[in-house]
Amino acid sequence: MDKLILIDGNNIIYRAFFAMPPLTNASGQQTNAVYGFTTMLLRLIEEHKPTHMMVAFDAGKETFRHADFQEYKGGRQKTPPELSGQFPLLKELLKGLGVSQFEIGGYEADDIIGTITRQADEAGRKVMVVSGDKDMLQLASEHTTIAMVRKGVTEIEYYGPEQIKERYNLTPDQIIDLKGLMGDASDNIPGVPGVGEKTALKLLHEFGSVEAVVSRTDELKGKMKEKIEEHADSAILSKKLATIFREVPLEQSLDEMAFTGLNEETAGPALAKLEFKSLIERLNLSTSGAAGDAAESKPQAKIDVTLVDATGIAEVADHLAQVTVLHVETHGDNPHHADVIGLALATEERQYFIPFDVLKSEEAEPVRAWLADSEIPKRGYDLHRIDLALHWQDIAFAGAAFDVHLAAYLLDPTESNQTLSGLASKYGLAYLQADEDVFGKGAKYKVPEVEKLSEHMARKCLAVSELVPVQEKELAANGMLPLFHDLEMPLSRILADMEKQGIAVNAEDLKELGREFEGQIEKLVQEIYEIAGTEFNLNSPKQLGEILFVKLELPVIKKTKTGYSTDAEVLEKLAPYHDIVRLILQYRTLAKLQSTYVEGLLKEISSVTGKVHTYYRQTIAATGRLSSQYPNLQNIPIRLEEGRKLRKVFVPSEPGWSILAADYSQIELRVLAHISDDERLKEAFVHDMDIHTKTAMDVFGVGMDEVDSNMRRSAKAVNFGIVYGISDYGLSQNLNITRKEAAAFIDQYFEVFQGVRRYMDVIVKQAKQDGYVKTLLERRRYLPEINASNFNLRSFAERTAMNTPIQGTAADIIKLAMVQMDKALHERQLKSRMLLQVHDELVFEVPEDELEVMKELVPDVMSQALKLSVPLKSEVSYGENWYEAK
DNA sequence: GCACTCACG
DNA sequence: ACGTACGTGAGTGCG
């Protein structure tokens with residue numbers, strides 16, 4: 001049986017363009033729309049296995065519709081140049097793939113498609129039309145299905161006459177009547193003003209057609225009657241414009257649309273030209289032009305998952321040795337408090353789903369023993385989260401060997417959709433429903449009936465097993481296997497250990513601190529109200545702005561998108577004008593401490609352990625750093641004394657133990673010295689000099705004794721700027737000087753540190769050439785905007801190119817230190833525990849009798865974690881709480 | 001759900 | 001000329 005797929009080329013490429021991030025290839029050519037189009041095309045081929053396929057494009061500016069209505073599609077935004085440049089790429093690629101394309105002068109893609117569907121209807125052939133344009137629904141028939149593309153190009157809804165009836169209670173013919181009444185802003189079709197979808201549907205359900213509505217206005221009343229009568233002509237014309245013309249003089253025959261699979265000779269090279277490497281791998285194509293493996297469209301695997309009850313466990317236990325992949329479904333953002341829904345296991349042949357209550361049953365002991373066995377390698381998605389969720393249900397997990405979530409992060413740390421479903425679609429695996437679609441979101445979350453649930457779980461397992469070999473290949477090709485297997489995978493287990501351990505918080509002291517803040521806050525609030533002469537919500541920047549800039553007429557320093565800016569920088573500048581400003585600044589400081597740190601932290605103290613258990617996320621930061629949530633323990637105050645006191649409530653969890661903290665000294669500048677190979681910078685660190693003073697000496701050309709505090713402060717700001725990817729504007733902001741002065745500073749700096757200048761030049765050039773930058777340990781970050789024509793986008797990408805190798809290598813190093821530290825603690829059988837990581841600092845709790853050892857061991861391991869051309873320095877301190885360990 | 005503000009490295 | 005310093009998470013107000 002023939003099966004025809006007709007694609008509305010213009011519509012889909014537009015949608016893909018706006019839905020996809022602005023991906024570019026190495027030469028700076030943007031390819032995102034072509035990529036989005038192609039992934040959708042491949043998915044359609046896999047899922048529907050068409051015998052015929054065709055992509056239709058609009059041709060020519062004027063179509064016959066303009067004869068009726070000059071303004072047709074008027075007022076529409078000009079096609080962005082970034083998109084129009086992709087049309088030729090798409091057309092060339094389609095040629096390479098062996099997919100036919102039609103365009104006929106004076107007609108739009110819909111007309112071509114409409115004509116073919118009419119012919120197919122007459123011949124009784126099955127057709128599927130792919131578009132995101134609702135107009136296409138008018139073509140639906142017994143033989144013609146409309147595949148409506150939604151949410152960019154990631155989802156497809158199928159409409160036949162029945163579905164249209166269900167959704168609109170209309171026949172396909174009536175879709176044009178709907179548009180006749182509603183109009184369409186994007187095509188500049190007027191319709192009847194004031195009539196939207198709701199009204200239009202009501203009218204059509206009553207009258208049946210536009211013609212009937214306008215001829216029977218006597219049956220209407222009031223405003224509605226007036227509007228319809230006044231715009232009757234417009235409605236009729238709009239309907240005509242919306243009607244797809246189905247009599248295009250086509251010369252092509254059905255044979256020209258025949259599709260027997262991707263052209264093996266040319267598909268690979270065509271994709272390679274666009275640098276769609278993941279697609280080539282996924283299709284198993286050769287890029288040399290010689291035929292590779294046949295690009296068979298992969299049938300969606302049939303699923304016959306076994307739902308396991310207590311009596312079925314025995315069978316599962318018999319097959320545990322063959323299990324290749326597991327999935328544990330959890331619910332909740334915070335894995336320390338997540339519900340466990342169930343466990344799915346997959347062998348080469350079959351899948352099992354074990355609901356949570358069954359997993360907890362006595363019979364399931366063999367399965368739990370299997371989960372806990374660190375010698376059994378396990379593969380899955382986000383095993384770190386799974387480990388934590390199971391832990392709090394008293395189920396042990398060990399043996400994580402390949403986590404596809406982590407692998408996906410390394411392959412592209414900026415990918416925003418890192419869900420398994422997203423990965424399945426990105427890598428072109430069998431379609432996997434999004435969790436949101438299966439479970440619902442937020443308050444609507446609901447575990448579906450068990451058949452549906454177990455099938456989804458099994459499909460997740462299948463997605464993981466398909467993903468593993470593909471990712472492994474890509475990691476290998478990028479030289480990232482060691483980073484993955486020797487650093488990130490082991491680290492993920494170590495993080496889980498730290499998180500389960502948690503850090504003890506003295507709740508009583510914290511509450512007492514809260515009472516002190518409370519008293520000061522109340523006093524400040526009263527004073528502020530008195531000076532302002534009115535009470536208002538101090539936490540509302542909008543209301544505060546009114547008071548400061550309208551009532552008190554203070555000068556406006558800076559504006560935000562929505563009004564006056566009242567941030568600390570502005571308030572500092574306003575302080576000399578009015579006494580109230582200092583008080584507001586003090587209030588802000590205390591209110592922050594109170595709400596975020598006192599109240600926020602108290603809420604996070606576990607009723608089970610009396611500790612806080614943060615959750616380190618390993619797949620968030622684009623540079624390779626960790627991030628910390630629930631609570632964030634990487635931003636506990638330290639810079640101001642008032643806030644720093646909070647650190648006193650972080651204490652050892654055992655009597656007599658100490659908190660020991662060690663931090664890297666100037667790790668980022670040391671990394672820069674190494675990467676840039678700058679002689680002066682290296683020399684400074686070899687001699688372990690105060691780097692900011694040394695910078696001041698060199699930049700200002702003075703001796704050590706002549707460096708005053710101001711010079712040192714400036715030099716410090718320049719050093720920060722260098723690490724961030726310097727700009728004169730940024731430095732001028734930071735130092736409160738003019739841009740010119742800042743530019744002069746930077747020039748002077750680069751005069752002295754020429755190696756650093758060379759590094760900045762080279763790294764940006766490299767990024768422009770390769771499209772990515774990398775760290776010492778081969779961690780990558782793609783910079784799609786590095787060749788953008790937009791100054792801001794491009795400049796941002798350039799600064800990122802300078803910063804990421806520095807920040808990222810520093811992240812690599814402390815991660816290495818953590819893995820080595822964990823090993824050292826185990827080997828020496830120490831009782832000390834690693835608790836926290838704060839980017840360049842590690843925090844431990846240490847028993848009395850290990851203090852002497854740890855004081856040496858920790859800085860030793862940290863400073864030896866990676867050998868650079870300059871020494872790494874780690875400084876250690878300890879005390880009875882985190883405050884004392886300074 | 002976004003804007004603003006502010007805590008950290 | 002353009003106008004942001006790099007990387008994060010959390011609390012509050014407001015539509």
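Since the structure is predicted, the reported quantities are computational estimates derived from the model, not experimental observations. By convention in this document, chain letters (A, B, ...) are assigned in the order of the sequence lines, proteins followed by strands, and residues within each chain are numbered from 1. We use all heavy atoms of the structure for the numbers below, so side chains are in, but hydrogens, waters and symmetry mates are not.
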Contact residues, residues 556-577 of chain A to DNA chain B [heavy atom, < 4.0 Å]: Thr560(A), Lys561(A), Thr562(A), Ser565(A), Thr566(A), Asp567(A), Ala568(A)

What are the 5'-most and 3'-most nucleotides of DNA chain C lying under 4.0 Å from any heavy atom of chain A? dC2(C) to dG15(C)

Under 3.5 Å, side-chain donor or acceptor atoms of residues 791-804 of chain A against the rest of the protein: list the pairs with distances, not counting sequence neighbours.
| from | atom 1 | to | atom 2 | distance (Å) |
| --- | --- | --- | --- | --- |
| Arg794(A) | NH1 | Ala788(A) | O | 3.0 |
| Ser795(A) | OG | Phe791(A) | O | 2.7 |
| Glu798(A) | OE2 | Lys768(A) | NZ | 2.9 |
| Thr800(A) | OG1 | Phe796(A) | O | 2.7 |
| Asn803(A) | ND2 | Val723(A) | O | 2.9 |
| Thr804(A) | OG1 | Arg781(A) | NH1 | 3.0 |
| Thr804(A) | OG1 | Thr800(A) | O | 3.0 |

Give Leu626(A) one of three labels, base, sugar-phosphate or nothing, depending on what nucleic acid heavy atoms sit under 4.0 Å from its own. nothing

Ring pair (Phe, Tyr, Trp, His ring centres under 6.0 Å) partners for Phe18(A), two or more places apart: none

Please, which pairs that meet salt bridge (Lys or Arg N to Asp or Glu O under 4.0 Å) have at least one residue in residues 659-668 of chain A, sequence neighbours excluded? Arg625(A)-Glu668(A)

Please list, in 5' to 3' order, the outermost nucleotides of DNA chain B lying under 4.0 Å from any heavy atom of chain A. dA3(B) to dG9(B)

Touch class at under 4.0 angstrom, heavy-atom based, for Asn734(A) against every strand present: base

Taking atom C1' in both dA7(B) and dC2(C), what distance in whole Å separates the two? 31 Å

Enumerate the side chain to side chain donor-acceptor pair (under 3.5 Å) contacts for residues 579-588 of chain A, please, sequence neighbours excluded, ordered by first and then second residue. Asn539(A)-Tyr587(A), Thr566(A)-Arg588(A), Glu572(A)-Arg582(A)

Categorize Asn537(A) for me: base, sugar-phosphate, or nothing, with a 4.0 angstrom heavy-atom threshold over every strand shown. sugar-phosphate

In whole Å, measure the gap between the C1' atoms of dC8(B) and dG3(C) for me. 26 Å

Looking at Lys645(A) and Glu641(A), does any basic side-chain N land under 4.0 Å from a carboxylate oxygen? yes

Residues Arg515(A), Glu512(A): salt bridge by 4.0 Å N-O rule: yes

Side chains of residues 740-749 of chain A: which donor-acceptor partners sit under 3.5 Å, not counting sequence neighbours?
| from | atom 1 | to | atom 2 | distance (Å) |
| --- | --- | --- | --- | --- |
| Glu741(A) | OE1 | Thr738(A) | N | 2.9 |
| Glu741(A) | OE1 | Thr738(A) | OG1 | 3.1 |

List in numerical order all residues of residues 792-811 of chain A for which some heavy atom is under 4.0 Å away from an atom belonging to DNA chain B. Gln807(A)

Within residues 582-607 of chain A, those residues having any heavy atom closer than 4.0 Å to DNA chain B are Arg588(A), Lys592(A), Tyr597(A)

For DNA chain C, which ranges pair as stems of 3 or more consecutive Watson-Crick or G-U pairs, with both donor-acceptor distances under 3.5 Å? B:1-9 with C:6-14

Which residues in residues 541-550 of chain A have at least one heavy atom lying under 4.0 Å from any atom of DNA chain C? Lys542(A), Gln543(A)

Across the strands shown, which category fits Val838(A) at heavy-atom distances under 4.0 angstrom: base, sugar-phosphate, nothing? sugar-phosphate

For dA3(B) and dT4(C), measure between their P atoms and round to the nearest Å. 15 Å

Describe the nucleic acid contact of Ser727(A) in one word from base, sugar-phosphate, nothing, applying a heavy-atom distance below 4.0 Å. base

When we call it a touch if two heavy atoms are under 4.0 Å apart, what does Gly725(A) touch: a base, just sugar-phosphate, or nothing? nothing

When the ring centroid of His331(A) is compared with that of Tyr445(A), is the distance short of 6.0 Å? yes

So that I can tick it off, tell me whether Asp688(A) and Arg670(A) are bridged by a salt bridge, with the cut-off set at under 4.0 angstrom between side-chain N and carboxylate O. yes

